[in-house]
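Both ligands and their constituent atoms are indexed starting at 1 by order of listing.
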Amino acid sequence: MLYLIGLGLADETDITVKGLEIVKRAERVYLEAYTSILLVDKEKLESFYGRDVIIADRETVETGSDDILQDAQEKDIAFLVVGDPFGATTHTDLVLRARELSIPIQSIPNASILSAIGSTGLQLYNFGQTVSMVFFTDNWRPSSFYDRIKENVSIGLHTLVLVDIKVKEQSYEDMARGRKVYQPPRYMTVAQCASQMLEIEDERKEQVYAPDSLAVGAARVGSKEQRLACGTLQELSQADLGPPLHSLVLLGKRAHDLERDYIRAFAIDEKTFDASWTKYYQGP
Ligand SMILES: C[S@@+](CC[C@H](N)C(=O)[O-])C[C@H]1O[C@@H](n2cnc3c(N)ncnc32)[C@H](O)[C@@H]1O
């Protein structure tokens with residue numbers, strides 16, 4: 001059996017009892033370590049599970065899936081995914097390959113950023129499409145997120161913006177020369193995300209949002225060090241929410257008064273919050 005096991009969002013103790021029992025008895029345990037990260041390192045997981053954990057980077061999962069699946073017809077293989085195995089990450093290729101090899105599959109769900117973002121106080125029912133924000137480079141500034149946000153904004157829904165993480169990435173030059181040299185990991189912050197959003201609004205000028213539109217920055221959700229900050233995109237582009245991981249929610253115009261009361265408690269500046277609320281969010 002191939003078990004896809006969700007680890008939850010923060011540390012080694014977020015695994016479910018069901019997941020832990022499988023990890024303890026599996027033949028091999030892989031940790032998918034490139035679409036998200038836990039806020040603790042691999043050694044901490046290993047000592048809690050009492051097992052060695054094999055790091056599965058993008059290359060291993062995308063090109064070496066047969067190594068992961070080796071003997072899974074007879075033995076149990078655990079594939080650990082941070083968050084929920086099917087939450088904002090899909091390992092469809094691995095599952096399809098397992099199916100081709102007649103390997104049974106079971107998924108063990110866990111908390112995902114897609115559900116835990118509800119701890120901002122914003123109603124999950126009022127969210128539209130989730131979008132991803134990648135690190136811009138000098139000559140690559142993809143703005144498809146802007147079109148998705150525009151659709152959400154047009155019907156008043158909140159938008160969850162998941163931000164880029166770069167783990168074990170090669171520079172273009174090293175890749176072109178076939179050198180297996182990896183860049184240090186990089187994690188996008190709420191401030192970078194808000195700045196890039198404003199940059200694209202400035203470029204496209206379709207008034208999807210403005211520097212004084214409200215958003216909520218969420219850092220290390222689910223951990224003791226969780227931090228939420230609510231402010232205008234301009235304010236958030238200057239805010240420091242500390243270490244990774246970060247996400248941002250752009251507030252939709254259909255925001256309810258109860259949602260306002262909840263998020264106002266972590267406003268960076270209550271005056272600008274109130275001014276923006278009155279300008280954009282107070283329905284007729
Ligand atoms: C591919 S998605 C997450 C997939 C994961 N399987 C899940 O279900 O949560 C990774 C992105 O989600 C966001 N994220 C994940 N965990 C987070 C956390 N604890 N706090 C804030 N944002 C988080 C970050 O923007 C991160 O770059």
Side-chain angles (χ1 to χ4, degrees), residues 3-16 19 30-41 44-45 55-58 61-62 78-95 107-122 124 127 129-136 142 145 148-149 158-169 185-197 215-230 236-237 239-250 263 266:
Y3 288 97
L4 298 159
I5 302 175
L7 294 188
L9 293 174
D11 63 36
E12 71 279 14
T13 63
D14 283 328
I15 192 167
T16 61
Y30 294 91
L31 170 65
E32 186 269 86
Y34 60 92
T35 63
S36 201
I37 53 153
L38 271 186
L39 309 174
V40 294
D41 53 25
K44 218 148 184 201
L45 291 189
I55 295 285
D57 56 23
R58 190 185 295 278
V61 178
E62 288 177 1
F79 185 76
L80 312 182
V81 181
V82 175
D84 184 90
F86 290 99
T89 324
T90 51
H91 289 292
T92 323
D93 288 356
L94 183 65
V95 171
S107 150
I108 314 292
N110 207 321
S112 168
I113 189 60
L114 296 181
S115 52
I117 199 67
S119 64
T120 52
L122 298 175
L124 295 179
F127 279 70
Q129 307 163 84
T130 298
V131 303
S132 299
M133 175 69 77
V134 300
F135 282 111
F136 288 175
F145 73 87
R148 302 285 86 71
I149 295 182
H158 309 314
T159 305
L160 171 61
V161 188
L162 299 178
V163 303
D164 206 2
I165 65 179
K166 294 235 177 286
V167 186
K168 215 176 165 198
E169 295 273 335
R186 286 197 299 152
Y187 306 98
M188 188 184 286
T189 62
V190 160
Q192 286 166 308
C193 175
S195 306
Q196 293 193 176
M197 283 173 72
V216 180
R220 303 171 300 284
V221 173
S223 75
K224 284 198 292 259
E225 288 75 38
Q226 172 169 314
R227 168 117 191 261
L228 302 174
C230 176
L236 285 171
S237 71
D240 177 6
L241 271 71
L245 293 171
H246 290 190
S247 294
L248 178 145
V249 183
L250 181 70
I263 59 175
F266 33 84

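The backbone N or O of V134 lies less than 3.5 Å from a partner atom in the side chain of Q196, making a donor-acceptor pair. Between the side chain of S115 and the main chain of A111, no donor-acceptor pair closer than 3.5 Å is present. In terms of modelled atom types and a separation under 3.5 Å, the side chain of R148 and the main chain of T159 share no donor-acceptor contact. One N or O on the side chain of H246 and one on the backbone of V190 form a donor-acceptor pair closer than 3.5 Å.
The CE atom of M188 sits 6.5 Å away from the SG atom of C193 when rounded to the nearest 0.5 Å.
Protein heavy atom in closest approach to atom 8 (O) of ligand 1: S112 OG, 2.7 Å. The protein heavy-atom contact nearest to atom 24 (C) of ligand 1 is H246 O, 3.2 Å. Scanning the protein heavy atoms around atom 13 (C) of ligand 1, the nearest turns out to be S247 OG, 3.3 Å. In terms of protein heavy-atom proximity, atom 9 (O) of ligand 1 is nearest to I113 N, 2.9 Å. Considering only non-hydrogen protein atoms, atom 1 (C) of ligand 1 sits nearest to A88 O, 3.1 Å. Atom 18 (C) of ligand 1 has as its closest protein heavy atom V221 N, 3.6 Å. When hydrogens are left out, the protein atom nearest atom 21 (C) of ligand 1 is L245 O, 3.3 Å; that is the closest non-hydrogen contact. Protein heavy atom nearest atom 10 (C) of ligand 1, with residue, atom name and distance: T35 O, 3.3 Å.
Distances from atom 6 (N) of ligand 1 to the heavy atoms of V82, L162, V81, V161 show the closest one on V82.
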Problem set entry | Test side chain to side chain contact (heavy atoms under 4.5 Å, CB included) applied to L4 and V95, step by step | CA-CA 9 Å; L4 298 159; V95 171; 3.6 Å; yes
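Closest non-hydrogen pair, D164 versus F135, comes out as OD2-N, 2.9 Å.
Looking at R220 against ligand 1, only its backbone comes within 4.0 Å, counting heavy atoms. Of the heavy atoms in I165, only side-chain atoms (C-beta onward) come closer than 4.0 Å to ligand 1. The residue Q226 has no part lying near ligand 1, judged by heavy-atom distances below 4.0 Å.
Between H91 and F79, the ring center distance clears the sub-6.0 Å criterion.
At a threshold of 4.5 Å between non-hydrogen side-chain atoms, the residues L122 and I117 do not count as touching.
In terms of polar-atom proximity, defined here as any N/O pair under 3.5 Å, G83 makes no such contact with ligand 1. Considering backbone and side-chain atoms alike, D84 places an N or O below 3.5 Å from some N or O of ligand 1. Distances between N or O atoms of G87 and those of ligand 1 include at least one value under 3.5 Å.
Taking the side-chain contact (heavy atoms from CB on, under 4.5 Å) definition, one finds that A10 meets it with D14, L39, S223, sequence neighbours left out.
Look at G222 and you'll find every heavy atom at least 4.0 Å from all atoms of ligand 1.
Applying side chain to side chain contact (heavy atoms under 4.5 Å, CB included) to L245 and the options V163, V82, I165, I113 leaves one that passes, I165.
Each of the following atoms of ligand 1 lies closer than 4.0 Å to a heavy atom of A218: 21 (C).
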